[in-house]
2 protein chains.
Amino acid sequence: MENPRELFQIMTRRFGMLNKNCCSSGGNDLSLVQSHILYEIDRLDQPNVQQVADILGMDITTFSRQIQTLVKMNLVKKSQLPEDRRIHILSLTTEGKYTAAAIDAEMNQYLEEVFSHMNEFEKETVLRSINLLNNAMAKSTVCCKPLI
Amino acid sequence: MENPRELFQIMTRRFGMLNKNCCSSGGNDLSLVQSHILYEIDRLDQPNVQQVADILGMDITTFSRQIQTLVKMNLVKKSQLPEDRRIHILSLTTEGKYTAAAIDAEMNQYLEEVFSHMNEFEKETVLRSINLLNNAMAKSTVCCKPLI
DNA sequence: AATAATATTTGCAAAATGCAAATAAAATGA
DNA sequence: TCATTTTATTTGCATTTTGCAAATATTATT
């Protein structure tokens with residue numbers, strides 16, 4: 001087989017292309033990063049600004065501004081924590097949840113189309129493999145440290 | 001298992017983080033896109049500007065400017081085709097080849113570290129799966145059309 | 001020769017990025 | 001307790017990236 005990096009390079013690029021088309025759900029036109037942000041806020045439990053920025057590997061200042069944009073778009077809510085008023089908890093608004101769900105559905109639909117080009121066994125193997133990979137990356141010291 | 005999109009989302013993000021650290025090889029500090037550009041120019045045979053932009057799914061004007069930067073950095077050479085002087089062929093300079101190879105080696109080293117967290121059989125399965133996936137994406141109608 | 005088509009570049013204005021510094025609030029410690 | 005340090009988040013600013021529209025350069029077509 002070819003070199004591993006080659007395989008990964010191609011795969012991530014193609015998935016990135018999928019992702020690119022995905023994010024115009026619900027009237028709102030989102031960038032790729034913005035869709036990642038919605039995804040993580042949805043996934044995590046009461047995360048604060050710093051946590052989400054860390055998980056996404058984004059600079060905190062860039063992230064802060066992205067959040068401001070998403071708040072203006074009425075997709076994200078930011079609420080100061082009473083116990084510690086330095087901390088601001090992020091959550092999705094109803095519209096944000098709707099948008100996140102729409103993107104998720106659309107992406108899964110895309111992926112189904114991709115999987116339609118292989119048989120059920122192959123599909124299962126692929127999904128299991130990616131799971132394996134994610135776990136390995138989680139253990140890795142060279143990346144991915146800040147995750148849940 | 002979780003939903004497929006979830007798996008992909010996490011995987012591509014983590015690989016992206018790997019990629020982020022990768023690109024400072026050889027003194028030159030490259031962005032992620034720039035490393036992708038070097039990679040594709042290296043891989044393809046005498047590609048022109050339009051072809052590489054298409055493969056990377058980049059806007060041609062953005063791409064044109066990135067090439068200008070890489071030419072200034074002495075990593076890429078752009079030569080007008082005598083038979084059709086509208087077309088400009090891209091190639092890597094010696095320094096560009098060196099840089100591309102250094103990045104490739106570094107990425108493979110990172111990936112080896114990741115694979116060290118699984119056994120040989122799992123590694124083989126994962127690599128085969130990604131290959132399967134790439135082929136399926138290549139056939140897909142929802143992405144990835146412009147590829148080699 | 002005039003017009004259309006193709007390949008690439010520039011003009012601009014918007015968005016994204018990231019460092020340094022500012023602000024706000026809590027924790028620590030003499 | 002009050003001064004200092006630490007933590008969380010935001011702004012200032014300068015750079016880079018992006019992409020549409022238009023310009024340029026060159027070849028193909030009529």
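Remember, it's a predicted structure, so these values are computed and weren't measured experimentally. Just the heavy atoms: all of them, side chains too, but no hydrogens, waters or symmetry mates, feed the values below. Here is how names work: the chains are called A, B, and so on, in the same order as the sequence lines, proteins then strands, and each is numbered from 1.
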Exercise for the section: Using side-chain hydrogen bond (donor to acceptor under 3.5 Å, both in side chains) as the criterion, list what pairs up with B:Gln9, not counting sequence neighbours. Expected result: A:His36, B:Arg5

Problem - Interatomic distance, B:Glu83 CD vs D:dA28 P [rounded to whole Å] - result: 11 Å

Problem - A:Glu112: side-chain hydrogen bond (donor to acceptor under 3.5 Å, both in side chains) partners, not counting sequence neighbours - result: A:Lys123

Exercise for the section: Tell me who clusters with A:Ile89, hydrophobic residues only, linked when side chains sit under 4.5 Å apart either directly or through other members. Expected result: A:Leu81, A:Ile87

Practice task
Whole angstrom is fine here: how far is it from CE in B:Met73 over to P in D:dT16?
Solution key: 11 Å

Practice task
Round to a whole Å and report the spacing from CD1 of B:Ile37 to C1' of D:dT18.
Solution key: 13 Å

Problem - Partners meeting side-chain contact (heavy atoms from CB on, under 4.5 Å) with B:Thr12 (sequence neighbours left out) - result: A:Thr12, A:Phe15

Fill in the blank from the handout: Comparing A:Asp59 with A:Gln80, nearest DNA chain C nucleotide closer to 5' gives the residue A:Asp59

Problem - Whether B:Thr69 side chain and B:Arg65 backbone form a donor-acceptor pair below 3.5 Å - result: yes

Give me the distances for all protein-to-nucleotides 3-6 of chain D N/O pairs that come in under 3.5 Å?
none

Practice task
Rounded to the nearest angstrom, tell me the gap between atom CE in A:Met58 and atom P in D:dT9.
Solution key: 14 Å

Fill in the blank from the handout: DNA chain C: first to last nucleotide in contact with chain A (atom under 4.0 angstrom from a heavy atom), 5' to 3', is C:dA16 to C:dA26

Exercise for the section: Tell me whether the OP1 or OP2 atom of D:dA8 has a side-chain N or O from A:Asn48 closer than 4.0 Å. Expected result: no

Problem - Strand-adjacent residues in residues 61-68 of chain B, judged by heavy atoms under 4.0 Å from DNA chain D - result: B:Thr61, B:Thr62, B:Arg65, B:Gln66

Return a table of donor-acceptor pairs under 3.5 angstrom between the side chains of residues 44-52 of chain A and protein atoms on other chains or two or more places apart.
from    : atom 1 : to      : atom 2 : distance (Å)
A:Asn48 : OD1    : A:Gln50 : N      : 3.2
A:Asn48 : OD1    : A:Gln51 : N      : 2.9
A:Gln50 : NE2    : A:Asp54 : OD1    : 3.3
A:Gln51 : OE1    : A:Asn48 : N      : 3.0

Practice task
Could you give me the CA-CA distance, side-chain angles and deciding distance for A:Met137 and B:Met17, then say whether side-chain contact (heavy atoms from CB on, under 4.5 Å) is met?
Solution key: CA-CA 10 Å; A:Met137 282 182 163; B:Met17 285 176 181; over 6 Å; no

Completion exercise
For A:Ile10, the hydrophobic cluster (side chain heavy atoms closer than 4.5 Å, chained through members) also holds B:Tyr39

Practice task
Could you tell me the separation between the NZ atom of B:Lys78 and the P atom of D:dA25, rounded to a whole number of Å?
Solution key: 14 Å

Practice task
Check side-chain hydrogen bond (donor to acceptor under 3.5 Å, both in side chains) between A:Arg85 and all other residues, then give those that pass, not counting sequence neighbours.
Solution key: none

Exercise for the section: Would you mind reading off the distance between A:Ile87 atom CD1 and D:dT9 atom P, rounded to a whole angstrom? Expected result: 6 Å

Exercise for the section: Could I get the full list of side-chain hydrogen bond (donor to acceptor under 3.5 Å, both in side chains) partners for A:Asn108, not counting sequence neighbours? Expected result: none

Completion exercise
The side-chain contact (heavy atoms from CB on, under 4.5 Å) partners of B:Thr93 (sequence neighbours excluded) come to B:Asn74, B:Lys77, B:Glu95

Practice task
Round to a whole Å and report the spacing from CD1 of A:Ile60 to C1' of D:dG12.
Solution key: 17 Å

